Amino acid sequence: MSDRTIFPGLLDTGREEFLHEFLLRMAGTLPDRPAVIEPAGSERYAVTTYRELELLVRDHMAALDGLGLEIGDRVILEADLSAASIAALLACSALGLTFVPVGTRPPEQRLASIMRTTEPALYLRCPGAGDADIPSGVGLGHIEGPSLTIERAPADRARRRREPTVTDPAYVIFTSGTTGRPKGVVMSHRAVTSFYHGMMAQRLVTPDDRVANTSPLQFDFSLINVGLALGSGAALVTVPPESLRWPRRFVRVLKETGATQVNGVPSIWRPVLRHEQQGLADLDRLRGILFCGEDFPLPELRHLRALLPGVRVTNCYGSTESMACSFEEVPNPLPADVKRLSIGFAHKGAEMLLVDEAGRLIERPGLVGEIVVRSPALFTGYWDDPDATRAALLPDPVSPRSGQVVLRTGDLGHTGQRGEMYFCGRADSQVQIRGNRVELDEVRHRLLEFPGVMAAEVLVLGPADGDRRLSAFVVVSARSTDVGAAELRAHCAQALPTYMLPSELRVLDALPTTPNGKTDRESLVALVSG
Ligand SMILES: Nc1ncnc2c1ncn2[C@@H]1O[C@H](COS(=O)(=O)NC(=O)C[C@H](N)c2ccccc2)[C@@H](O)[C@H]1O
């Protein structure tokens with residue numbers, strides 16, 4: 001381990017920093033402030049101060065340092081967002097190790113595939129993790145509260161590196177792999193910390209805030225929340241994942257921890273809006289909500305707004321390949337005629353642009369194109385997948401000969417009169433039905449206009465070259481349980497051409513979600529095919 005001071009506090013050198021330096025930069029100035037607040041048994045919480053977190057990191061580093069690991073070695077982190085788990089990822093960063101967060105109890109095949117491709121040196125498990133077999137050459141350790149115990153040392157390895165650099169991968173995070181093999185998004189220290197600095201410019205939280213994280217470690221939203229809280233000298237509140245299924249418990253955790261900012265995907269609010277409205281309205285310390293990952297259905301957003309009129313709601317847009325890209329405050333009140341939320345402009349230090357199919361710049365407001373992102377926070381590439389990496393990057397449309405590349409988000413958008421961006425769905429959600437181009441989002445938005453419909457999803461089923469049909473799924477408010485498929489279809493027929501009418505319409509109690517909390521389209525397909 002180099003003898004450089006590990007946590008030089010607030011950097012005045014202007015030199016680029018590593019992930020652990022950014023996340024612990026406030027430890028020197030606010031050592032006794034809470035850094036992590038996590039559940040510790042029923043209705044009790046453990047508080048770890050910044051000084052205690054820093055000591056945890058040093059302890060974990062000592063346990064790892066003697067293993068002869070090489071800079072750039074991968075460490076699988078089957079972990080949660082406890083202080084001990086966060087200290088483990090910080091220790092990896094401080095030793096130049098690349099952590100691969102897989103969340104607790106990952107599906108066996110997915111874990112096996114990730115281990116095959118990343119060839120980890122070490123596997124670290126937090127309490128309550130799974131018990132999948134770890135290949136013998138891979139070291140095994142346990143993150144247990146204040147200590148990190150090594151059960152089995154990793155196999156010996158050659159050591160060729162002398163010095164970690166900010167271009168080294170801080171982590172590799174695997175996408176949900178909706179299209180085929182999961183892709184490992186490689187994020188360098190430079191990419192992550194430059195995003196964090198862009199986020200800090202938004203001044204979303206102060207050291208008096210308590211930022212509740214509701215995303216699992218394998219979803220980079222959790223890493224963004226860790227950066228938002230620790231980078232601001234605030235406290236990170238770890239909401240137990242299981243409480244998200246029980247709205248009363250979820251609201252109680254927010255109340256008892258004094259959460260002032262709650263960050264999560266839109267689906268975390270659905271059960272609370274349905275069953276725990278008063279508890280939500282009583283969260284008098286709550287002052288901010290931030291969501292990302294997918295559109296927040298406007299009827300639900302309006303309902304949330306009505307219950308929390310003074311709370312600032314931030315629509316945070318972006319892809320894991322650039323961490324995130326924009327932070328746009330949702331207008332309060334939200335005008336009745338708003339059909340789409342603006343995602344605004346990219347954060348300080350980045351740009352969002354629009355290109356056509358040929359990769360040429362689109363500048364005219366209202367014209368739909370693909371959103372591309374220029375940012376120092378761009379990923380290094382997909383792990384061991386140069387073809388997918390090439391496909392995701394585009395020569396800078398403004399100056400193609402410069403060698404600079406921009407990220408293709410695969411999202412459609414258009415700009416407004418001020419140049420602000422509007423998200424218009426995924427490029428692959430434009431489908432052909434009997435020779436006609438259908439924007440699934442347009443059908444979904446029409447369904448959301450029906451009184452009582454709170455959320456909706458529309459899928460296309462059938463072979464691209466065969467008979468394709470639309471299937472729609474809606475969630476209605478508790479008061480509108482009598483909404484039927486026939487009236488929903490008639491409602492669509494009043495505004496949409498015949499080929500855009502769903503041939504199947506189901507009213508569900510809830511939309512199924514992926515482990516990251518997004519709408520699980522594969523489960524909906526299985527429901528219909530089942
Ligand atoms: N605010 C949105 N409205 C609407 N569609 C969206 C939105 N944020 C993403 N998305 C969608 O999700 C895609 C990215 O998916 S992802 O790579 O799994 N990453 C994420 O979902 C989380 C992302 N890293 C992130 C983390 C934390 C803050 C912001 C963004 C985007 O390309 C969009 O299609």
Side-chain angles (χ1 to χ4, degrees), residues 16 19 71-76 93 96-102 110-120 161 164-195 198 218-221 223-224 293 317-325 346 349-361 369-413 426-428 516:
E16 289 192 80
L19 174 60
I71 291 169
D73 273 349
R74 274 74 63 202
V75 178
I76 303 277
S93 168
L97 304 172
T98 301
F99 65 89
V100 182
V102 293
R110 178 179 165 85
L111 179 62
S113 155
I114 290 173
M115 288 216 280
R116 239 188 337 270
T117 183
T118 58
E119 296 178 307
R161 290 286 306 270
T165 67
V166 292
T167 54
D168 284 326
Y171 63 80
V172 184
I173 212 162
F174 281 80
T175 60
S176 49
T178 38
T179 49
R181 185 165 70 102
K183 296 190 295 239
V185 179
V186 181
M187 293 300 282
S188 68
H189 290 270
R190 168 184 283 172
V192 181
T193 54
S194 61
F195 167 76
Q218 79 269 17
F219 187 29
D220 71 335
F221 196 177
L223 297 175
I224 286 174
Y317 162 81
S319 317
T320 297
E321 289 85 347
S322 71
M323 285 203 93
C325 176
E351 271 188 321
M352 259 190 295
L353 303 166
L354 268 187
V355 294
D356 62 17
E357 280 91 352
R360 288 184 302 252
L361 202 58
E370 181 179 6
I371 300 173
V372 295
V373 177
R374 182 198 315 278
S375 166
L378 289 197
F379 73 140
T380 305
Y382 295 115
W383 181 270
D384 193 22
D385 197 341
D387 295 343
T389 302
R390 249 189 309 279
L393 299 169
L394 189 75
D396 174 1
V398 175
S399 171
R401 291 168 296 178
S402 68
Q404 183 173 180
V405 289
V406 295
L407 171 71
R408 304 190 60 170
T409 63
D411 291 326
L412 298 177
R426 294 285 301 170
D428 49 24
N516 291 355

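Computed from a predicted model, the values in this text were never measured in an experiment.
- Side-chain contact check for I371 versus L354: some heavy-atom pair is nearer than 4.5 Å.
- Contact annotation: the side chain of V186 never approaches that of Y382 to less than 4.5 Å [non-hydrogen atoms, C-beta and beyond].
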Evaluate M115 against V100 for side chain to side chain contact (heavy atoms under 4.5 Å, CB included), listing each step before the verdict. CA-CA 9 Å; M115 288 216 280; V100 182; over 6 Å; no
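- At a threshold of 4.5 Å between non-hydrogen side-chain atoms, the residues T320 and F379 do not count as touching.
- In this view, R374 and E351, D396 satisfy the salt bridge (charged side-chain N to carboxylate O under 4.0 Å, His left out) rule, not counting sequence neighbours.
- The two residues V398 and L353 come nearest to each other via the heavy atoms CG2-CD1, 4.5 Å.
- Minimum interatomic distance between F195 and S322 (heavy atoms only, all atoms of both residues): CD1-O, 4.0 Å.
- In plain terms, the two heavy atoms of S93 and H189 that are nearest each other are OG-CE1, 3.2 Å.
- Contact record, R110 with F174: NH2-O, 3.1 Å, taken as the closest heavy-atom pair.
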Set out, in order, the CA-CA distance, both residues' side-chain angles and the distance that settles side chain to side chain contact (heavy atoms under 4.5 Å, CB included) for T98 and W383, then state yes or no. CA-CA 12 Å; T98 301; W383 181 270; 5.7 Å; no
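- For the pair Y317 and M352, the minimum side-chain heavy-atom distance is below 4.5 Å.
- Between the side chain of E370 and the backbone N or O of V355, no donor-acceptor pair lies under 3.5 Å.
- In this structure, the separation between CG on L407 and CG on L393 is 6.5 Å, given to the nearest 0.5 Å.
- In this structure, CE on M323 lies 10.0 Å from OG1 on T193, to the nearest 0.5 angstrom.
- L19 has its side chain out of reach of L223: every pair of non-hydrogen atoms, C-beta onward, lies at least 4.5 Å apart.
- Taking each heavy atom of P397 and V406 in turn, the nearest pair found is CD-CG2, 3.8 Å.
- Of the possible donor and acceptor atoms, one in the side chain of T389 sits under 3.5 Å from a partner among the backbone N and O of D385.
- Looking only at side-chain heavy atoms (C-beta outward), I114 and P182 stay at 4.5 Å or farther from each other.
- When side chains are defined from C-beta on, M187 does not count as touching D220, because their heavy atoms never get closer than 4.5 Å.
- A donor-acceptor distance shorter than 3.5 angstrom exists from the side chain of R74 to the backbone of G72, with no hydrogens or angles considered.
- Of the possible polar contacts, none joining the S319 side chain to the T409 backbone as a donor-acceptor pair under 3.5 Å is found.
- Taking all atoms of both residues into account, the shortest heavy-atom contact from G349 to P376 is O-CD, 3.1 Å.
- Looking only at side-chain heavy atoms (C-beta outward), T165 and R190 stay at 4.5 Å or farther from each other.
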